Protein chains: 2
Amino acid sequence: MSISNPPNPTVRVLLVDDHAVVRQGLRLFLGLDPDIEVVGEAGNGEEALAEAQRLAPDVVVMDLMMPVMDGITATRALRRALPDTEVIALTSTLEEHKVNGAIEAGAISYMLKDASSDTLAEAIHAAARGEVRLHPEAARRLVRDFRSAEMRETLTPKETIVLQLIARGHSNRDIAADQGVSEATVKTHVSRLLSKLELESRTQAALYALKHGIARLDGVEG
Amino acid sequence: MSISNPPNPTVRVLLVDDHAVVRQGLRLFLGLDPDIEVVGEAGNGEEALAEAQRLAPDVVVMDLMMPVMDGITATRALRRALPDTEVIALTSTLEEHKVNGAIEAGAISYMLKDASSDTLAEAIHAAARGEVRLHPEAARRLVRDFRSAEMRETLTPKETIVLQLIARGHSNRDIAADQGVSEATVKTHVSRLLSKLELESRTQAALYALKHGIARLDGVEG
DNA sequence: TGACCCTTCCCCCTTTCGGCGGACGCCTCC
DNA sequence: GGAGGCGTCCGCCGAAAGGGGGAAGGGTCA
């Protein structure tokens, strides 16, 4: 907008997504902007890390859901190794806990894959300048989760483990046997975590764990 | 391969995905095959239906997760309206119950977005010939779910409703009040559905419901 | 050292679950 | 029209879950 702005230098971008289709689409999208150069691609977090260290891109566009090494882990590692490289998290759906995870891991932006090529290009330029861009809904959830995290006391390691086991459908007796403690101890943990999370039953706790990424559905038998 | 095969006629394809990025990538992928022509695109199920009726494509490549009208619903409607048009379901992740849903809705193939352009092109040609192509893991789950569906007795309407409410974290008393019956009745439903599904607790039932698409996590408060 | 937190375990108690058996109405099929 | 199957309803009862309170050992930190 302002004529005092220097002309945009070319931004060097690394694309990270496990789907070749998506990488191709992104390449095409970003090819429309002459000030963006896609210097490389990676299909998972490990590759991303290696390529980033080799290429030292200005911005990494990172899918969060990937095999081998997921995007959040990769983002954390990448920010540690290359503090000058900004990461834009890119997901297809707004997943509750991933917004937090990505931001906490050091992503500067959180975008959805249904973004237009303009929006994406703008976010990349913004990231190169160190400016934050958040999808509106992502911003809303971030604020909400931040507030609730303030309210909510954090769980101790044992409480977290017990919560995860509850989210796999285990009974108190099962958990006690699994952890090598008495059932009374497990009950204490359950009571405390229910109280902390302001929940009423273990079933609600299981749902809470799934919703907030503390446990996963694929850990469940059946 | 065989020289006795007739030359492939050009297959007319409609791409359906809510992400423009993915549509672009697919276009690029399929553009490599001279016998495939992408005749149109749609960003949701409703658009897909309208475009399919206008264009009468040979094959529709359909993402399953979309706003407005999801891919499974769209597939069902599309197969009803245009029985000669084959549908290939395309998803980014192998979601348990969606494999069943897509096949039951009339999809001829189930592919993942991480497929190579060759695989995808081959599946499109196969679909045009009326041949099934399944991602190996999708095939495995289909067989497994088919078998377990054989084993598993079906739930009655009431039992299904109770299961859904359990999967939202409600207690028996809550459910009784909600459904206008006594708590004892709710308990009967719970007992029977646990027995039918071979589960041990309401928490396991909640997880089962989520895993099999009977209930959704976004129906949960918190 | 004292204060604080985490973990472990116990007690007692109420509520909730879940299994078992029984009942009624509705439908179908012989 | 009676026999059986199924869905819905209910009560009894033992088991599991959950609340409240207390207590002990170990860890960290001021």
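Residue numbering restarts at 1 for every chain, and letters A, B, ... go by the order of the sequence lines. Everything numeric in this text was worked out from a predicted model, so none of it was measured. Atoms considered below: every heavy atom in the structure, side chains included; atoms not considered: hydrogens, waters and symmetry mates.
- A donor-acceptor contact shorter than 3.5 Å links the side chain of R12(B) to the backbone of L55(B).
- A heavy-atom distance below 4.5 Å is found between the side chains of Q179(A) and I161(A).
- With rounding to the nearest 0.5 Å, the separation of NE2 in H19(A) from CE in M66(A) is 10.0 Å.
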Problem set entry | Per-nucleotide protein contact string for nucleotides 20-30 of chain D (B base, S sugar-phosphate only, - none; heavy atom under 4.0 Å) | -----------
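- Side chain of E86(A) to main chain of D58(A): no donor-acceptor pair is present (N/O by atom type, distance under 3.5 Å, no hydrogens or angles).
- One interatomic measurement links the two molecules: NE2 of H189(B) to C1' of dC9(D), which rounds to 8 Å at whole-angstrom precision.
- Looking at residues two or more places apart in sequence or on another chain, you find a side-chain hydrogen bond (donor to acceptor under 3.5 Å, both in side chains) between S116(A) and T119(A).
- Taking atom NE2 on H170(A) and atom P on dA16(D), their separation rounds to 16 Å, with Å as the unit.
- Inter-residue side-chain proximity for Q204(A) and H170(B) is flagged as unmet; no heavy-atom pair is nearer than 4.5 Å.
- Side-chain atoms of S109(B) do not come within 3.5 Å of backbone N or O of I88(B) as any donor-acceptor pair.
- Partner of M62(A) under the side-chain contact (heavy atoms from CB on, under 4.5 Å) criterion, out of V87(A), I72(A), T91(A), L14(A): V87(A) alone.
- Heavy-atom contacts of chain A under 4.0 Å fall on DNA chain C between two terminal nucleotides, which in 5' to 3' order are dC6(C) to dC10(C).
- Residues L165(A) and D174(A) fail the side-chain proximity criterion, which asks for heavy atoms closer than 4.5 Å.
- Between S171(A) and K187(B), it is K187(B) whose nearest contact on DNA chain D lies nearer the 5' terminus.
- When atom types are taken as modelled, the side chain of T75(B) and the backbone of G106(B) share no donor-acceptor pair closer than 3.5 angstrom.
- Counting heavy atoms from C-beta outward, L90(B) and L120(B) have side chains that approach closer than 4.5 Å.
- A heavy atom closer than 4.0 Å to some atom of DNA chain C occurs in P157(A), K158(A), these being the qualifying members of residues 157-164 of chain A.
- Residues V11(A) and H125(A) meet the side-chain proximity criterion, which asks for heavy atoms closer than 4.5 Å.
- Within residues 172-185 of chain B, the residues that have a heavy atom under 4.0 Å from DNA chain D are, in order of number, V181(B), S182(B), A184(B), T185(B).
- Helix bend of the helix from dT1(C)-dA30(D) to dC30(C)-dG1(D): the angle between its two end axes, each built from five pairs, comes to 30° after rounding to 10°.
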